[in-house]
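Step one of this worksheet: look at the structure below.
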Amino acid sequence: MANIHFKLLGLVFLAIPWSGHGQNLSSVVLDSVTKSPVPYVTVQLKNKGMITNEEGRFNFQLRDNIQETDSLFISCIGYESIGKPLAEFTKNVIYLRPKAIELDPVIVSNKNFTPEEIIAEVRKNIGRNYQTGLAKKRLFLRETYRNNILKTDYKLVKSSIAAFNKNFLDSVIHTVPKSNTYYTEMLGDLYGGNDAEVQKLDLIKASELYDKSMEMDFDALEEKFNKIVKENVKTDSYFKIKSGIFGTKVDADELFEAEVDSTDVEALNKQLEETKKNKEERKKFFSDYKRKTLGNLYKNLPIFKGADYNVLFKSRRYHLSLDDFTYLGDDAVYVLRFEPKGSADFKGKLYINSDDFALIRMDFENVKPLRKFKLLGISLNEYLAKGRIIFAQGEDQLYHLRYYDITKGSRVGFRRPVKIIEKNKNVKGRRKQNELALKVDAAFGNTNRYELVVFDLDPIDMGQYEAFKENNSVLPTYMPNYDPEFWSGYDIIEPNRAIKEFTSQAETDE
């Protein structure tokens with residue numbers, strides 16, 4: 001008994017703490033030779049998976065059923081794997097040793113496979129290698145949006161309302177932040193298979209991290225705009241908004257928001273009901289958006305024919321070469337390089353298990369814009385799509401998605417004349433009342449990053465799938481700066497330094 005107490009006391013002081021009561025296991029994985037972080041390392045504990053972030057860090061919640069004798073397994077392509085009891089991890093740094101490449105009998109016997117034949121074997125074995133049926137997946141999704149205003153040039157051609165002058169328009173442009181970063185995170189259970197349209201989501205918790213001071217002050221701008229409109233525009237007018245051959249109509253009364261009398265109980269109750277309705281609609285929108293995002297990510301796994309990153313089923317469009325041999329633990333792995341022959345979009349590497357011919361990792365990036373057009377002054381350039389996809393084996397020895405990381409970038413341009421014309425059909429002889437005419441030359445850029453980790457997967461049947469009913473009542477909790485306690489008790493992808501150091505300008509000004 002004394003020996004057991006001594007062991008438990010010692011564990012309290014470990015740099016990698018663990019306990020059977022809601023503690024966590026946190027560390028950084030480094031290359032033993034270069035001492036640099038090793039990203040995208042798989043960390044496995046009792047069939048539950050985690051992955052290190054780009055800085056080599058991970059954080060694992062230890063549940064009530066975890067014992068000091070349970071083994072932690074750490075593996076990464078090109079490194080020697082580690083597997084030992086939790087009690088033997090006594091430092092907050094874990095070193096992985098690069099694995100020497102020694103051709104084992106499996107690779108030697110298969111050395112006559114051409115890259116094309118290896119790809120053919122991957123396709124042939126997809127059905128028996130991967131879990132693609134109905135399942136309940138516990139997962140965490142982090143999305144990062146970065147928006148930049150690249151250009152806001154304009155020329156004021158005409159304004160019949162004196163207040164709508166260049167100084168006013170310059171003040172509007174000055175109000176718009178030149179750049180902004182927005183993070184959103186969610187944890188939940190996804191029910192479904194490989195059909196993006198047939199997914200159900202059980203949201204558990206969500207957050208949003210951004211600087212509200214970097215948002216455009218719409219309230220102040222609207223008040224300023226409405227004041228000018230009320231002083232210069234007739235309430236029975238309507239507006240024609242034209243950009244070249246395009247036009248739309250807006251009634252003037254749509255620009256004025258009715259004020260509610262605080263003594264009017266009926267009006268106040270109606271406003272409260274509207275607020276409640278808007279909140280419920282926002283919950284539905286948030287849930288629907290996350291479900292569709294997750295469904296789209298799953299739909300585009302490279303093991304499916306219709307995927308955007310379709311190399312396996314369109315291999316003839318690529319130059320394939322056997323780039324290297326490496327290891328994932330004791331498993332020998334082919335490393336195939338792919339580059340486009342002609343019109344294909346991507347280049348990258350495929351990591352394929354030489355024993356069962358399962359694709360276990362894909363790194364990719366586009367070599368040309370995925371979509372690009374320019375018409376009547378409107379331009380779009382989807383210039384970036386790069387990332388990695390990692391699969392892992394479950395208890396049933398089938399592979400499933402463990403990690404998905406993709407960054408997309410686009411640029412939108414608007415170079416057109418814009419006219420806002422006030423018209424009034426009740427004014428005899430002069431329907432046109434006022435006009436604001438501009439020539440606008442603007443450009444906007446944004447990058448979106450999606451990081452998805454799947455912690456565990458439980459196969460389900462159709463009856464279990466149909467029995468689950470969505471009832472999502474989760475809205476993301478707003479955070480002006482990073483709160484390390486928000487996800488306490490939950491497994492997530494360890495945030496990188498940029499997220500941890502994120503602080504709103506409003507906070508620093510106080």
Side-chain angles (χ1 to χ4, degrees), residues 40 51 115-116 118-135 137 139 141 143 190-199 201 289-320 334-353 356-372 382-394 398-410 448-454 457:
Y40 319 120
I51 200 144
E116 289 75 16
I118 294 172
I119 293 295
E121 289 295 317
V122 174
R123 290 197 301 263
K124 186 172 71 175
N125 288 284
I126 284 176
R128 75 174 189 179
N129 276 335
Y130 294 91
Q131 210 291 339
T132 58
L134 292 174
K137 300 174 277 286
L139 44 76
L141 174 66
E143 299 174 66
L190 187 67
Y191 294 74
N194 59 2
D195 188 344
E197 303 302 320
V198 186
Q199 303 287 337
L201 179 61
Y289 172 75
K290 293 301 179 183
R291 187 195 319 104
K292 289 176 182 177
T293 298
L294 292 167
N296 187 60
L297 292 177
Y298 265 92
K299 180 183 71 174
N300 282 303
L301 292 179
I303 59 173
F304 300 134
K305 284 187 177 181
D308 289 344
Y309 322 113
N310 194 338
V311 178
L312 297 180
F313 295 93
K314 295 183 179 180
S315 57
R316 292 183 179 179
R317 300 176 60 187
Y318 292 90
H319 293 289
L320 301 172
Y334 295 112
V335 183
L336 299 188
R337 182 182 296 274
F338 61 92
E339 295 180 343
K341 285 182 180 178
S343 60
D345 297 318
F346 297 97
K347 68 177 182 179
K349 292 183 178 181
L350 304 171
Y351 298 81
I352 298 166
N353 188 310
D356 56 19
F357 292 97
L359 173 66
I360 56 178
R361 174 169 167 171
M362 176 181 181
D363 297 343
F364 60 93
E365 64 177 300
N366 62 308
V367 296
K368 62 180 183 179
L370 299 180
R371 191 159 58 125
K372 190 174 182 179
E382 294 182 2
Y383 65 88
L384 177 65
K386 68 176 182 178
R388 65 198 47 80
I389 299 169
I390 298 174
F391 297 92
Q393 278 183 305
L398 294 176
Y399 292 86
H400 66 88
L401 177 66
R402 170 71 77 215
Y403 182 66
Y404 201 134
D405 179 12
I406 182 170
T407 300
K408 296 184 177 182
S410 62
N448 301 337
R449 183 183 182 186
Y450 305 86
E451 289 180 276
L452 172 66
V453 62
V454 182
L457 178 148

Considering residues at least two apart in sequence or located in another chain, which fulfil the side chain to side chain contact (heavy atoms under 4.5 Å, CB included) criterion with T132?
-> Y130, N194, I303, F304
Other residues, nucleotides, ligands: >12 heavy atoms within 6.0 Å of K305 NZ | no
Which residues satisfy the side chain to side chain donor-acceptor pair (under 3.5 Å) test with K124, sequence neighbours excluded?
-> E121
Would you please indicate yes or no on a ring centroid separation below 6.0 angstrom for F391 and Y399?
-> no
Close side-chain approach of Y403 to E451, heavy-atom, < 4.5 Å = yes
For Q199 against G295, the heavy-atom pair lying closest together = CG-CA, 4.2 Å
With side chains defined as the heavy atoms from C-beta onward, is the minimum distance between V122 and L359 less than 4.5 Å?
-> yes
NZ-CG distance between K408 and N366, expressed to the nearest 0.5 angstrom | 10.5 Å
Who pairs with Y450 by ring-ring contact (aromatic ring centres under 6.0 Å, His included), at least two apart in sequence or on another chain?
-> none
Of all residues at least two apart in sequence or in a different chain, which pass the side chain to side chain contact (heavy atoms under 4.5 Å, CB included) check with A307?
-> N300
Using the test side chain to side chain donor-acceptor pair (under 3.5 Å), find all partners of R361 that sit at least two apart in sequence or belong to another chain.
-> D363
Excluding sequence neighbours, so at least two apart, what forms side chain to side chain donor-acceptor pair (under 3.5 Å) with Y40?
-> R388
Residues that N448 engages under side chain to side chain donor-acceptor pair (under 3.5 Å), provided they are two or more places apart = none
Could you give all pairs that pass the salt bridge (charged side-chain N to carboxylate O under 4.0 Å, His left out) test and reach residues 290-303, with sequence neighbours left out?
-> E143-K290, D288-R291, R291-E470
Residues forming a salt bridge (Lys or Arg N to Asp or Glu O under 4.0 Å) with R337, sequence neighbours excluded = D323
With sequence neighbours left out, what residues match L401 under side chain to side chain contact (heavy atoms under 4.5 Å, CB included)?
-> Y298, L301, I389, Y404, L452, V454
Side chains of D356 and N125: closer than 4.5 Å at any heavy-atom pair?
-> no
Contacts of type salt bridge (Lys or Arg N to Asp or Glu O under 4.0 Å), residue E382, not counting sequence neighbours = R371
R317 and S343: which non-hydrogen atoms are nearest, and at how many Å?
-> NH2-OG, 3.3 Å
Looking at side-chain heavy atoms only, is the closest gap between K341 and H319 below 4.5 Å?
-> yes
With A392, which residues qualify under side chain to side chain contact (heavy atoms under 4.5 Å, CB included), at least two apart?
-> R402
Is there side-chain contact between P340 and K347, with heavy atoms separated by less than 4.5 Å?
-> yes
